[in-house]
Amino acid sequence: MAVLAESGSNPDVGLLYDINGLAKDAPHWFDRVMEFVGEYGLLVAMVLLVLWCWWSVRRRGGEDAASSVAALVWAPLAAGLAVLVNVPIRGFVERPRPFVDHRGLDVLVSGKTDFSFVSDHATITMALGVGLFVAHRRFGLVGIGLALLEGFCRVYMGVHYPTDVVGGFALGTAVALLLSPLAMALLTPLAKAVERSPRAGRLIRARTSADEQDNPLLPGTRRPANSEKDLAA
């Protein structure tokens, strides 16, 4: 298929040169940091954020713990599914990487030979961020912020057009949101079944929360008098 952007007069290409031009003016060490952050760092940060959110939900407990954990499970599943959806999209559009058609770019990562549209990194991070937002708004806002930073890094590194990133954001959001009702309908009963398990239930709710529900009396308190009479009878 024809290349989506072929000339510097295209706003997409102009924004590419503007953002990537920052790499030429930045110190070498800063470019190396951006290379690591954009290629690996933010993906690892998103995974750690999901785990942190799970730990927080698990410790908090509550009646909605199972549904919250189910939403957290959906976040990485949505990211994986979005990447699979992107495979035929890339094959259909067949957009070369920016450095193939445009000279003068400062490319921080070499060896990219696949097509450019849509950005996998932008797709994965935004799907994770939106999936997190479904489970926990505050963690989700942080995740979406990291996804936006990932998109900036991909253009800064000279490996994607801005529209590649926007397309990835749209794809990740669409998969995470549109399929969320179906995913929750399937995953929530599974999470509740795990919650009822004596051992695996700790994955859903911390042990202290479960103990408090099973025994609402605080340590050192006495049972009501009528309960003692019933036991004596």
>> Using the ring centroid of each side chain, check whether Phe152 and His160 are separated by less than 6.0 Å.
In response: no

Could you pull out the closest heavy-atom pair between [X] and [Y], with the gap in Å?
| X | Y | result |
| --- | --- | --- |
| Ala135 | Ala71 | CB-CB, 3.5 Å |
| Leu128 | Ala79 | CG-CB, 4.0 Å |
| Val37 | Cys153 | CG1-SG, 4.2 Å |
| Asp101 | Pro96 | OD2-CG, 3.8 Å |
| Leu148 | Met126 | CD2-CE, 4.1 Å |
| Ile144 | Val130 | CG1-N, 4.2 Å |

> Taking atom types as modelled, is there a side-chain donor on Asn86 or Thr123 under 3.5 Å from an acceptor on the other?
Replying inline: no

>> Checking side-chain polar atoms at under 3.5 Å, does Asp106 have a donor or acceptor matched by the opposite partner on Tyr156?
In response: no

>> Applying salt bridge (Lys or Arg N to Asp or Glu O under 4.0 Å) as the test, list every pair that has at least one member in residues 113-134; sequence neighbours left out.
In response: Arg90-Asp114, Arg90-Asp120, Arg97-Asp114

Side chains of [X] and [Y], heavy atoms from C-beta outward: is any pair under 4.5 Å?
| X | Y | value |
| --- | --- | --- |
| Trp54 | Ser68 | no |
| Arg95 | Thr163 | yes |
| Phe117 | Ile89 | yes |
| Pro98 | Leu105 | yes |
| Val93 | Phe115 | no |
| Phe30 | Glu35 | no |
| Leu77 | Val73 | yes |
| Asn20 | Val155 | no |

From [atom1] ([X]) to [atom2] ([Y]), nearest 0.5 Å:
| X | Y | atom1 | atom2 | result |
| --- | --- | --- | --- | --- |
| Phe99 | Ser110 | CZ | OG | 8.5 Å |
| Leu72 | Phe139 | CG | CZ | 9.0 Å |
| His28 | Asp31 | NE2 | CG | 7.5 Å |
| Leu186 | Leu179 | CG | CG | 10.5 Å |

>> Would the distance check show the side chain of Trp74 and the main-chain N or O of Ala176 forming a donor-acceptor pair, the cut-off being under 3.5 Å?
In response: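 Indeed, once roles are kept as given, a pair shorter than 3.5 Å links the two residues.
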
> Is a donor on one side and an acceptor on the other found under 3.5 Å between the side chain of Ser56 and the backbone of Trp52?
Replying inline: no

>> I'd like to know whether CZ of Arg32 has more than 12 heavy-atom contacts from other residues, nucleotides or ligands below 6.0 angstrom.
In response: yes

> Are Lys192 and Glu195 within salt-bridge range, i.e. N to O under 4.0 Å?
Replying inline: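 No.
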
Are [X] and [Y] in one and the same hydrophobic cluster, where Ile, Leu, Val, Met, Phe, Trp and Tyr link if side-chain heavy atoms are under 4.5 Å apart?
| X | Y | result |
| --- | --- | --- |
| Trp55 | Val134 | yes |
| Leu132 | Leu43 | yes |
| Val142 | Leu51 | no |
| Met184 | Ile204 | no |
| Leu15 | Leu108 | yes |

> Angle class for the Phe36/Tyr40 ring planes (parallel below 30°, perpendicular above 60°, tilted otherwise)?
Replying inline: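 Geometry flag for Tyr40 against Phe36: tilted rings.
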
> Are Thr125 and Leu146 close enough, and set up right, to give a side chain to side chain contact (heavy atoms under 4.5 Å, CB included), and what steps lead you there?
Replying inline: CA-CA 7 Å; Thr125 51; Leu146 292 178; over 6 Å; no

> Given Lys24 and Asp18, is the salt bridge (charged side-chain N to carboxylate O under 4.0 Å, His left out) satisfied, shown in steps?
Replying inline: CA-CA 10 Å; Lys24 295 183 178 181; Asp18 289 340; over 6 Å; no

>> Using the rule given for side chain to side chain contact (heavy atoms under 4.5 Å, CB included), can you reason through Tyr161 versus His102, listing the C-alpha separation, both sets of side-chain angles and the distance that settles it, and then say yes or no?
In response: CA-CA 11 Å; Tyr161 293 98; His102 304 284; 3.0 Å; yes

>> Test of understanding: with side chain to side chain donor-acceptor pair (under 3.5 Å), list the residues that count as partners of Glu39, not counting sequence neighbours.
In response: Lys112, Arg154

